[in-house]
There are 2 protein chains.
Amino acid sequence: MAGGILLRLQFKLGDEPPPSLPSDGRKLPSKIHQRTRSDHASEVAEDYVEAIADAIDQHGVCRAVDLVKHFAVTHATVNNTIKRLERDGLVTTAPYQPVELTAAGSRLASQSRRRHEVVEAFLKKLGVSDQTAAIDSEGIEHHVSKETLGAMKRVLEQGWPE
Amino acid sequence: MAGGILLRLQFKLGDEPPPSLPSDGRKLPSKIHQRTRSDHASEVAEDYVEAIADAIDQHGVCRAVDLVKHFAVTHATVNNTIKRLERDGLVTTAPYQPVELTAAGSRLASQSRRRHEVVEAFLKKLGVSDQTAAIDSEGIEHHVSKETLGAMKRVLEQGWPE
DNA sequence: ACTGAAACTTAGCCCCGGCTAACTTAAGAC
DNA sequence: GTCTTAAGTTAGCCGGGGCTAAGTTTCAGT
Ligand SMILES: [Mn+2]
Ligand SMILES: [Mn+2]
Ligand SMILES: [Mn+2]
Ligand SMILES: [Mn+2]
């Protein structure tokens with residue numbers, strides 16, 4: 001039995017290609033772009049649950065037409081996207097009814113909103129206009145790692161480094 | 001005659017939904033997301049010309065296989081992408097030959113590289129690890145406006161604000 | 001000159017996230 | 001109660017950017 005477990009461990013370790021950690025300083029470009037692609041794969045879901053949560057906070061309910069206006073896309077596009085969100089367990093819907101967030105959707109919305117707020121506030125603190133901070137943060141937020149988010153929070157709470 | 005011109009102006013003004021400029025402080029969410037989508041539309045081209053320029057600088061030439069390794073995608077994907085770049089006037093190719101940059105491609109590569117460098121250096125100055133700066137900047141770079149890029153440059157050259 | 005391996009190409013498939021057009025449903029005005 | 005209209009749905013299309021599998025070309029080593 002223990003042998004079986006050991007075998008699994010060995011396989012897992014051997015699976016990691018070249019450890020990359022004891023690097024000679026060279027970059028690992030491949031992994032970098034994989035992360036960017038993975039960020040983009042979750043981006044629409046994050047923006048939608050955030051918008052849905054906002055609409056519910058402001059109007060008590062989120063209708064598809066709210067998302068149509070928010071994202072400046074067509075009703076058909078919103079419908080398709082909501083179907084994917086439902087498939088992925090983030091929202092529930094019924095025909096002609098408002099969109100509801102699942103527990104998972106609600107959690108993702110809170111996290112996304114918090115991260116978005118931090119990034120936007122950080123850009124403002126950097127000195128860019130409110131308008132630019134709003135625009136740039138909408139894309140940047142999805143590529144900000146925990147570590148970078150922490151650095152931005154630190155600046156907001158404790159001022160600039162050094 | 002003056003009446004005709006006035007009419008045109010009135011129509012144009014009436015056409016813009018609510019002007020948004022003399023705003024009461026409310027956001028214009030739709031335009032924000034349009035910008036993010038437009039950023040993504042040029043993202044792959046920017047990363048490719050940058051990678052092609054790097055390969056040429058380092059090996060004198062850029063082969064498709066270099067891009068396969070750099071982006072961790074298949075040869076087929078690189079081929080498809082290169083075709084789009086050629087269609088868009090950024091590269092030239094011939095069968096089984098290295099990829100060459102057009103003047104436009106070269107220009108875009110320089111701009112993208114410079115912007116990427118600034119973003120990555122800024123993140124490092126913020127205090128995140130080299131590895132995180134490399135990863136996060138790869139996605140962030142495409143969403144950084146001129147204004148935000150300027151703010152980052154200022155920090156790198158003149159230190160933190162306040 | 002031959003041959004095997006690496007590089008490249010092509011065909012065909014997939015999902016995502018946009019769109020238009022046509023239709024259906026739900027609700028409020030009357 | 002009807003009817004208008006806004007909201008929602010559905011079908012079908014497109015391009016982007018991934019993939020696999022199978023075939024072709026180039027080139028180095030012998
Ligand atoms: Mn957001
Ligand atoms: Mn966003
Ligand atoms: Mn992005
Ligand atoms: Mn990039």
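Throughout, a chain's letter reflects where its sequence line sits, starting with A, and its residues are numbered from 1.
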Task: same_hphob_cluster(B/L126, A/V128) at 4.5 Å side-chain heavy-atom cutoff - done: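 Result: yes, single cluster for both.
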
Checklist line | Interface with DNA chain D, restricted to residues 66-88 of chain A and to heavy atoms under 4.0 Å | finding: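 Nucleic-acid contacts, sorted: A/H75, A/A76, A/N79.
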
- Item | Of residues 43-50 of chain A, the positions that come close to DNA chain D - non-hydrogen atoms, cut-off under 4.0 Å |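 The stretch gives none, as no residue of it lies under 4.0 Å from the strand.
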
Tracing side-chain links under 4.5 Å among I, L, V, M, F, W and Y, which residues wind up in one group with A/V61?
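In the cluster with A/V61 there is nothing else; it is isolated.
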
Connected-component partners of B/V78 among ILVMFWY, side-chain separation under 4.5 Å:
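B/V44, B/Y48, B/V49, B/I52, B/I56, B/L67, B/V68, B/F71, B/V73, B/I82, B/L85, B/L90, B/V91, B/V99, B/L101, B/L108, which link up through side-chain heavy atoms under 4.5 Å apart, make up the rest of the cluster.
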
If you define the side chain from C-beta out and look only at heavy atoms, does anything of [X] sit under 4.5 Å from [Y]?
X	Y	result
B/D130	B/E120	no
B/S145	B/R35	yes
A/H33	B/H70	yes
B/K125	B/W160	yes

Quick one: salt bridge (Lys or Arg N to Asp or Glu O under 4.0 Å) pairs with a partner in [range], sequence neighbours left out?
range	result
residues 87-109 of chain B	none
residues 42-60 of chain A	A/E46-A/R115, A/D54-A/R113, A/D57-A/R113
residues 63-74 of chain A	none

First and last nucleotide of DNA chain C, 5' to 3', lying under 4.0 Å from heavy atoms of chain B
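Footprint of chain B along DNA chain C, 5' to 3': C/dA7 to C/dG18.
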
The criterion is ring-ring contact (aromatic ring centres under 6.0 Å, His included); which residues satisfy it with A/H40, sequence neighbours excluded?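 Partners of A/H40 by the ring-ring contact (aromatic ring centres under 6.0 Å, His included) criterion, ordered by chain and then number, come out as A/H143, B/H40.
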
Applying ring-ring contact (aromatic ring centres under 6.0 Å, His included), can you list everything that pairs with B/H116, at least two apart in sequence or on another chain?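 Partners of B/H116 by the ring-ring contact (aromatic ring centres under 6.0 Å, His included) criterion come out as none, since no residue qualifies.
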
Point to revise | Test item: side-chain donor near acceptor, B/E147 and A/S129, under 3.5 Å | key: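 Short answer, yes.
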
Margin query: Quiz question: by atom type and distance under 3.5 Å, do the side chains of B/T36 and A/E138 form a donor-acceptor pair?
Written below: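 Not at all, the side chains of B/T36 and A/E138 share no donor-acceptor pair under 3.5 Å.
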
(Q) Strictly distance-based, threshold 3.5 Å: is any side-chain N or O of A/S137 a donor or acceptor partner for the main-chain N or O of A/A134? (A)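 Confirmed, A/S137 side chain pairs with A/A134 backbone.
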
Whether each nucleotide of nucleotides 22-28 of chain D has a protein heavy atom under 4.0 Å at its base (B), only at its sugar-phosphate (S) or at neither (-) is summarised, 5' to 3', as --BSS--

Which residues in residues 34-42 of chain B have at least one heavy atom lying under 4.0 Å from any atom of DNA chain C?
->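 The stretch gives B/R37 as the residues lying under 4.0 Å from the strand, ordered by number.
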
